[in-house]
**Student:** 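One structure is given below, represented as structure tokens, and several questions about it will come after.
Letters go in sequence order (proteins before strands), and every chain restarts at 1. What you see below is based on every heavy atom in this structure, not just the backbone, and it leaves out hydrogens, waters and symmetry mates.
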Amino acid sequence: MSGTGIGARVQRKEDFRFITGKGQYTDDVNCYGQAHAVFLRSPHAHADIVSIKLDAARDMAGVVDIFTGDDLAADKIGGLICGWMIHSKDGSPMKAGAHPALAQGKVRYVGDHVAVVIAETQAQARDAMEKIEVDYKVLSPVVSMADAVRAGAPVLHDVAPHNIVYNWSLGDEAAADAAFATAAHVTKLDIINNRLVPNAMEPRAAVGDYNSGSGGFTLYTTSQNPHVARLVLSAFIGIAPEHKLRVIAPDVGGGFGSKIFIYAEETVCVWAAKKVGRPVKWVADRTEAFLSDAHGRDHVTHAEMALDASGKILGLRVKTRANLGAYLSTFSSCVPTYLYAPLLSGQYDIPAIYAEVDGIYTNTAPVDAYRGAGRPEATFVIERMVEVAAREMKQDPAEFRRRNFVRNFPHQTPVIMCYDAGDYDASMTKALEMADYKNIGARKAASAKKGLLRGVGFSAYIEACGIAPSAAVGSLGAGVGLWESAEVRVNPVGTVEILTGSHSHGQGHETTFAQLVSERLGISIDNVAIIHGDTDKVQMGMGTYGSRSGAVGMSALSKALDKIETKAKKVAGFVLEASPDDIEFKDGKFSVRGTDKEIDFASVALQAYIAHKFNGQELEPGLKESAFWDPTNFTFPAGVHICEVEIDPATGVTRIDRWTAVDDFGNVINPMIVEGQVHGGIAQGVGQALLEGAVYDANGQLVTASYMDYAMPRADDLPSYDVGMTQTACPSNPLGIKGCGEAGAIAAPPAVMNAITDALGHEEIAMPATPLAVWRAAQRLAPRAAAE
Amino acid sequence: MYPFTYHRPGSLADAVKLAGSDEAKIMAGGMTLLPTMKQRLAAPSDIVDLNGLDLAGIKVEGGKVTIGAMTRHADVAGNADLHKAIPALAELAGMIGDPMVRHRGTIGGSVSNNDPAADYPSACLALGATIVTSKREMAAEDFFTGLFETALEPGEIVTKFVFPVPEKANYQKFRNPASRYAIVGVFVAKFAAGVRVAVTGAGSSGVFRQFDFEEALSKIFSTQAIEGIKQSADGLNSDIHADAAYRAHLIGVMARRAVEAAR
Amino acid sequence: MASVTLTVNGKTITRDIDPRTLLVEFLREHMRLTGTHVGCDTTQCGCCTVHVDGKALKSCTLLAVAVDGSTIMTIEGLAKGEDLHPMQAAFREYHGLQCGFCTPGMIMSAVDMVRRKGTDLDDKTIREELEGNICRCTGYHNIVKAIHYGAEAMGKAGTAAE
Ligand SMILES: Cc1cc2nc3c(=O)[nH]c(=O)nc-3n(C[C@H](O)[C@H](O)[C@H](O)COP(=O)(O)OP(=O)(O)OC[C@H]3O[C@@H](n4cnc5c(N)ncnc54)[C@H](O)[C@@H]3O)c2cc1C
Ligand code: FES
Ligand code: FES
């Protein structure tokens, strides 16, 4: 390992600008002559728009223009799309209602976009917005999924008469039923996966610009995948053809999924820039983020597990209702289906699994992928089920899991996935030791002495990430391929520019990608620049989500580096007057095998461009290569997290006392960055379990629309984490990387809830386990706790 | 924010004059006022900034603590004399918001605002503070008149607070997990003449005294004295973070913890 | 319009501004100091933290006119050229940041924490004192570590009293 190569704890190259306040986020971008956009949002969850009167607003100082859905329609601007087709059990396609960027005749959730006001300043735009008169005919809303599917419920979209987007299923129902018929024990559980608001600290923002000379549009936006944004804005929404639309995602302040999607605001800003002939800037405030960023999770599930007398799992049946909100967001349809049910096998060898998922429309904000996307929901189901089953069968939860672990790889589950590599026992063993599990009894007793309840909870999660193979996702309904691209440009002085279609919004690509280059080319990471997030520079890419940048993005880079090496060897061959086959490349030096003739990488780069030593017919001058990488399988990171809590039954306060994480991410480029990803993921998972929950009232008003009511995890809510690793290399990509971005968020919620229910002695508590919820749950517990 | 005219008077008399108009608003730390204005929930025509006045300071003297209205939470929390005289009051100030809020927010602003979840009102009530304004003196009981309501008249400015020093006291706060304001805060103060207990965060009409606890604790100052006394849930707030029953329960728990910790 | 004079990172400037102008707007829009961020509208996230006359304040909840005459330090003023402040260096060394959006506020709060609490900070104190700063990326673990070592380094470098 070189000092800055693969596996080194290299400090991040991007940090200097962030710690000195020189990051360039979208809100830091100002175009000359820009005007400011503010969106008028629906105050009602469900209403017909009878009329919109703009005259008074137009008369306000500073107003440049005001647009409504009619203006978009007149310009033939298409609606927002959902890019993943899901078919119901009966074979019918999902029922996707139209999703105009500005409402046309109807609003469907509080925060839905009604009009945009563009003015000289944001304050003036806001002043004018208050003068718009909208006559709404308020309709009764459906807020909960139960309300939505009730007979005679109000209907959101005519295409979906019962508010059902799809009834989807996966697995062999008959096989599952057969397993239950022979079961010695059946564990049943009702499970709620609470709705979350992603809350990247940087609110969404967009600056649209139009150059009437070239006819080109530029959009600066807070995006995790600028190329996908360009594709959708071009091909589907019809802003401009791709070669006339440049999308730039500069520094992005966190995404967690919420900045994958193509939203109304950026669509309107870039379109309006041409309409008003000026750059148009919009920056969300936090309230808007709560109302209109795509939310996450929101499942209601009933699950049943069949077991034989020894505690071996025979089958699993799962019935889930997934809230998709008022419209189908960009990738919403696949989250509770193909990103969810295929993970229900967990780390276990389960012969039969059958899952049904109903996607439901409600008058709430659209729901889409949020860190983990489907996999946390699946993990929560399987890990709660396993824990409860172990308890019911009076078995130790760790031993129970071991009994059912998959041990032989590859392992084909009954729900699509083929696990390629792993060693679940190894992670469990290491985690038990790190967590000092053998002394948990003594710690419980010590807590009890203080009048406190201590509990321990496991989560042996698996996820499918490195979201890819294009052919596989295509066969499941994806509208895009999920490969990644990379381009390596070697400059004549031997410095290197890497162009990647992956996008960094906190993950540290400028460092990890440079580490790979440093390792491969034997040059300092200081001589490597990573360029991403600009569709005019990077030809095409699929962006960052699903923990795919390492496994897919860096694999593309690796492939391009292979090509660079091959070409450079040819150049070196000419210079050293040897056959390329005799050239060896090691530690940044090309040498002729068996001789002391050598030349360094920088010199080869120079020779490649000078091209004096070879003629341009035999070998093209220059040193630049690109590659697309499409993997052969998903990757399967897995691990064991153990959470230990102490509950004060008098107040319901839960304190996390210990957190142990042992993860197998395959090969690791930079352990420091990987650990950081684990920490952040755990914090979001703990947030879901203990603190966070989006709550709508009966009228569809979002009660938790600010940090005053939506509890964000703060430093004193969280413990320090004890993070360890095990390693089995991933066979489906050249680097053996599995991906680490979502693991913590996937693993954490069941670990916390298993610990709390262990402490309480019963299962009757849902997330978020706030002090109120825990105190209530502890009421029924009082006798047992006292008896102990 | 809506437009306003900004004033920074140099004398109390000027401030009172400027604040007298109907649409004017006094600004102390602005920690409550400005967020409200930013969200366009308030539209004052004039802002009268008290930061130009000399209203800050803490004095401990003759069994009394006097705190100027413009004294920041951080200065109350960090005052050594106050830590000796009424440690509970200094500790309470240290529990308000976060360090940045405490650097700016003032005791006068907090008490004048009378947020039902604010901390200071409980101290005023339990300690039997006298609230001194630009025109009169009031007992805390008379000052707090309801949810976000006080006896202050338009243009009347709170200038200082006078707290009698108790034998012992303590404040226990149960935080809202999101806002970190009090879901329930209980201030217990023991004087030679008896015990006073004030509860914030819980009451649907703001801070209130818990007379049953006071009576029992005045007889015997111990947790057992109030163990059996049930706080009714009637008239307590219910929201997504805490329903009335939970708040009622927490009042008991926090009161007992305050008694135990009182010094 | 109101005239305001501020000394920001050592530079004194006078501007005529709308009295509504928040300090953060003044810094970002009038001075192009975009390192100070806005992450919320309820004064809770701390992304906007700056030092006013030596104390940490939330610049999103402060009228620029109300701090007329003050000395302001923003994240841009902390390093001396290429020489990072020890707290900045610690955030990089201990990986106390990911997306970087909360980072300027975190660092300004951390430096203020050292001023108030000294250079020997335990985890519990650090976590409590971070009440006013929200980070969505890091899970705080490495921020706590960075502040611990950053404080220590400030002690050694003698920057704590500055
Ligand atoms: C993030 C955050 C967290 C907070 N957490 C807590 C908490 O946990 N507990 C808590 O108690 N508070 C909390 N607060 C509120 C904080 O304590 C405020 O400082 C306080 O409520 C208002 O004080 P201020 O000096 O900022 O007043 P301002 O906001 O300036 O004024 C508040 C109101 O009082 C009036 N007013 C101000 N001073 C006077 C005066 N001298 N005479 C007459 N009227 C006056 C104003 O006109 C205004 O109506 C929090 C605030 C924030 C932003
Ligand atoms: S922007 Fe100032 S606290 Fe959030
Ligand atoms: S580093 Fe992204 S919010 Fe803190």
**Student:** Measure distances from A:P713 to the heavy atoms of chain B and classify the residue's part below 4.5 Å as side chain, backbone, both or neither.
**Tutor:**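 Neither the backbone nor the side chain of A:P713 comes within 4.5 Å of chain B.
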**Student:** May I ask you to check whether over 12 heavy atoms, not counting those of A:I192, lie within 6.0 Å of atom CD1?
**Tutor:**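 No.
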**Student:** Counting only heavy atoms not in A:K131, do more than 12 fall under 6.0 Å of its NZ?
**Tutor:**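 Open: at most 12 neighbouring heavy atoms sit under 6.0 Å from NZ of A:K131.
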**Student:** A:L772 and side chain to side chain contact (heavy atoms under 4.5 Å, CB included): which partner among B:D243, B:I240, B:D239?
**Tutor:**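 Of B:D243, B:I240, B:D239, side chain to side chain contact (heavy atoms under 4.5 Å, CB included) with A:L772 is met by B:D243 alone.
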**Student:** Can you check whether B:R180 reaches A:D716 side chain to side chain, under 4.5 Å on heavy atoms?
**Tutor:**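 B:R180 reaches A:D716 side chain to side chain.
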**Student:** For the side chain of B:H249 and the backbone of A:A650, is there at least one donor-acceptor N/O pair under 3.5 Å apart?
**Tutor:**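 A pair under 3.5 Å: yes.
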**Student:** Roughly how far, to the nearest 0.5 Å, is CZ of A:R126 from OH of B:Y2?
**Tutor:**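 The CZ atom of A:R126 is 10.0 Å from OH of B:Y2, to the nearest 0.5 Å.
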**Student:** Can you say whether A:E692 sits under 4.5 Å from chain B via the side chain, the backbone, both, or neither, judging by heavy atoms?
**Tutor:**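 It is neither, since no heavy atom gets under 4.5 Å.
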**Student:** Assess whether a salt bridge exists between B:R175 and A:D717, defined as any Lys/Arg side-chain N lying under 4.0 Å from an Asp/Glu carboxylate O.
**Tutor:**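 Result for this pair is no, no salt bridge flagged.
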**Student:** If you draw a 6.0 Å radius around NZ in A:K449, do more than 12 non-hydrogen atoms from other residues or ligands fall strictly inside?
**Tutor:**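 No - once you tally the heavy atoms of other residues, nucleotides and ligands closer than 6.0 Å, there are 12 at most.
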**Student:** Using modelled atom types only, decide if a donor and an acceptor are shared between the side chain of B:Y246 and the backbone of A:T651 within a distance under 3.5 Å.
**Tutor:**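 Yes.
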**Student:** Is it the side chain or the backbone of A:T704 that comes within 4.5 Å of chain B heavy atoms, both, or neither?
**Tutor:**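 Interface part for A:T704: side chain.
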**Student:** Let's go through B:R40 and A:D127 carefully: what are the C-alpha distance in whole Å and the side-chain angles of both, what is the deciding distance for salt bridge (charged side-chain N to carboxylate O under 4.0 Å, His left out) to 0.1 Å, and is it a yes or a no?
**Tutor:** CA-CA 10 Å; B:R40 298 190 159 217; A:D127 292 341; 2.6 Å; yes
**Student:** Side chain from CB out, backbone as N, CA, C, O: work out which of these in A:D648 comes under 4.5 Å of a heavy atom of chain B, or both, or neither.
**Tutor:**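 For A:D648, side-chain heavy atoms alone lie under 4.5 Å from chain B.
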**Student:** Determine the minimum heavy-atom distance between B:F174 and A:V653, stating which atoms define it.
**Tutor:**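 That would be CE1-CG2, 3.4 Å.
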**Student:** Of all heavy-atom pairs between A:M708 and B:H241, which one has the smallest distance, and what is that distance?
**Tutor:**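 Heavy-atom minimum between the residues: O-NE2, 4.3 Å.
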**Student:** Can you tell me if CD on B:E215 sees more than 12 non-hydrogen neighbours from other groups inside 6.0 Å?
**Tutor:**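 Open: at most 12 neighbouring heavy atoms sit under 6.0 Å from CD of B:E215.
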